[in-house]
Amino acid sequence: MAADRSDPREGERQRPPDGEARLARAAAALRAGGLVILPTETVYGLAADAANPQAVAALYAAKGRPSFNPLIAHVADVAAARPIARFDARAEALAARFWPGPLTLVLPIGDPAAVCDLARAGLDTVAVRAPAHPLTRRLLALFGGPVAAPSANRSGRPSPTTFEDACAETGAAAAEALDGGPCEIGLESTVVALVDVPRLLRPGAVTRAELEAVAGPLAEAEADARRSPGRLARHYAPDLPLRLDAAQPWAGEAFLAFGPATSGERTWSLSPSRDLKEAAANLFSCLRAADRSGASGIAVAPIPDEGLGEAINDRLRRAAGFVG
Ligand code: TXA
Ligand code: MG
């Protein structure tokens with residue numbers, strides 16, 4: 001075979017650094033207070049040591065994120081989460097059912113040193129999640145502590161769902177970046193608070209019905225912005241104006257269809273077969289593509305508000321600036 005005849009040292013020089021070496025470098029970067037781009041099954045994150053306030057401050061700065069909006073502490077598993085947060089029976093049941101996976105639990109703080117004040121935006125609660133992506137699970141196990149990781153976009157913009165988009169958004173601030181391929185889910189985790197009654201703070205990949213089957217009825221997020229600080233208007237937003245529930249595009253607009261795409265220019269279908277999972281996975285990359293298309297605005301077809309559609313419509317309304 002040709003490969004056998006080539007100089008083995010040549011191959012050595014050309015081969016990308018092996019996975020283990022890269023993971024070790026990423027863990028070392030976190031320990032040194034650096035930032036790391038990492039893949040999750042939902043969206044790409046920009047990570048820092050959650051216990052290190054200087055690292056967390058650099059993370060807020062890299063995203064241009066207001067420091068009153070707290071971060072999610074990512075852990076390898078529920079055993080790693082228990083010292084950080086106070087788990088009641090419902091939290092245990094939700095973690096047992098959905099972790100590792102796209103569910104974030106907001107719980108009363110346990111050990112306040114594990115996730116620094118700045119990462120919690122001074123709140124007496126903490127958001128914890130055990131992500132499912134194998135690369136990031138290995139990094140978390142290697143690092144050994146909680147990792148604060150917001151989505152890797154600059155604040156207010158669509159979350160990155162590919163390695164390339166993540167690097168384009170915040171790569172300049174990262175000491176290391178782990179390529180885990182395109183994100184399987186493409187929408188951020190569901191955020192549920194278990195502080196008083198169970199509350200849905202952010203609809204996401206785990207649907208309301210799936211959660212209620214385990215935790216009982218979910219109350220809505222409080223209007224009190226200090227308790228759900230991420231519910232800001234104009235979030236996940238492309239640069240172009242967004243028009244929702246559009247039957248078809250107006251002249252000059254790009255169009256995101258749901259169902260078979262009409263053959264128009266600058267038209268993308270979120271899912272030709274009207275599959276909500278596929279639409280969720282395509283949402284942010286289609287918004288980015290439409291944004292770059294030279295159109296005057298982006299029109300989006302109506303999306304059914306059931307199951308995963310609740311999370312898709314939540315992101316679309318925020319991207320359009322409709323939620324205050
Ligand atoms: O899927 C995801 O959750 C991704 C990946 C990277 O894991 N991360 C993510 O992080 O979406 P971020 O920072 O973009 O969104 C975290 C959300 C925000 O809406 C924030 O306000 C909310 O979680 N949050 C964090 N801690 C909270 C707390 N103590 N109380 C209420 N909301 C909290
Ligand atoms: Mg985000």
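Both ligands and their constituent atoms are indexed starting at 1 by order of listing.
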Atom CG in Asp179, atom SG in Cys167: separation rounded to 0.5 Å? 7.5 Å
Contact check: Glu188 vs ligand 1, nitrogen or oxygen atoms, below 3.5 angstrom: no
Would Ser151 count as a polar contact of ligand 1, with the cut-off being nitrogen or oxygen pairs under 3.5 Å? yes
Would Thr40 count as a polar contact of ligand 1, with the cut-off being nitrogen or oxygen pairs under 3.5 Å? no
Flag yes if Val78 and Ile72 sit in one hydrophobic cluster, no otherwise; membership is Ile, Leu, Val, Met, Phe, Trp, Tyr, and two members link when side-chain heavy atoms are under 4.5 Å apart. no
Going by the rule salt bridge (Lys or Arg N to Asp or Glu O under 4.0 Å), which residues pair with Glu41 if we only count those two or more places apart in sequence or in a different chain? Arg129
Determine whether Val75 and Leu140 satisfy the following criterion, side-chain contact (heavy atoms from CB on, under 4.5 Å), listing intermediate values before the conclusion. CA-CA 6 Å; Val75 291; Leu140 290 169; 5.7 Å; no
Over-ring placement of Arg318 relative to Tyr236, 6.0 Å and 45° cut-offs: no
The atoms of ligand 1 lying under 4.0 Å from a heavy atom of Leu71, numbered in the order shown, are 25 (C), 26 (N)
Nearest to atom 8 (N) of ligand 1 by heavy atom, Pro102, Ala121, Ala127, Ala149: which? Ala149
Applying a heavy-atom cut-off of 4.0 Å, say which part of His133 lies close to ligand 1: side chain, backbone, both or neither. neither
Between Asn282 (side chain only) and Leu270 (backbone N and O only), is there a donor and an acceptor less than 3.5 Å apart? yes
With no hydrogens and no angle check, is any side-chain donor or acceptor of Glu212 less than 3.5 Å from a backbone partner on Leu218? yes
I'd like to check which ligand 1 atoms, numbered from 1 as shown, lie under 4.0 Å from a non-hydrogen atom of Pro150. 10 (O), 12 (P), 13 (O)
Go through ligand 1 atom by atom and flag the ones less than 4.0 Å from a non-hydrogen atom of Ile72. 3 (O), 8 (N), 9 (C), 10 (O), 16 (C)
Kindly determine whether Val192 and Thr104 satisfy side-chain contact (heavy atoms from CB on, under 4.5 Å), including the steps that lead there. CA-CA 6 Å; Val192 171; Thr104 295; over 6 Å; no
Using a 4.0 Å cut-off to any heavy atom of Ser189, which atoms of ligand 1 qualify? 1 (O), 2 (C), 3 (O)
At less than 4.0 angstrom from any non-hydrogen atom of Arg65, what atoms of ligand 1 do you find? 12 (P), 13 (O), 14 (O)
For residues 133-151, the side chain to side chain donor-acceptor pair (under 3.5 Å) pairs (sequence neighbours left out) are Glu20-Arg138, Ser151-Asn153
Proximal ligand 1 atoms for Leu123, defined as those under 4.0 Å from one of its heavy atoms: 28 (C), 29 (N), 30 (N)
What protein N/O/S atoms lie closer than 2.8 Å to the Mg ion (ligand 2)? Ser151 OG
Just jot down the ligand 1 atoms closer than 4.0 angstrom to any heavy atom of Leu201, in number order. 31 (C), 32 (N)
Cluster membership besides Val56, Ile/Leu/Val/Met/Phe/Trp/Tyr side chains within less than 4.5 angstrom, sorted by chain and number, is Leu35, Ile37, Tyr44, Leu46, Leu59, Tyr60, Leu71, Leu118, Phe163
With respect to Asn69, determine whether any N or O atom, backbone or side chain, lies less than 3.5 Å from an N or O atom of ligand 1. yes
For Pro70, is there any backbone N or O sitting under 3.5 Å from a side-chain donor or acceptor partner on Arg65? yes
Can you measure from CG (Asn69) to OG (Ser155) and round to the nearest 0.5 angstrom? 7.0 Å
List ligand 1 atoms under 4.0 Å from Arg202, heavy atoms only on the residue side. 2 (C), 3 (O), 9 (C), 11 (O), 15 (O), 16 (C), 17 (C)
If we set the cut-off at 4.0 Å for heavy atoms, which region of Arg120 has an atom near ligand 1: side chain, backbone, both, or neither? neither
Structural part of Thr125 in contact with ligand 1, heavy atom criterion under 4.0 angstrom: both
Would you say that more than 12 heavy atoms from the other residues, nucleotides or ligands in this model lie under 6.0 Å from the CD of Glu184, or not? no
Would you confirm whether Glu169, through its side chain, and Ala166, through its main-chain N or O, come within 3.5 Å as a donor-acceptor pair? no
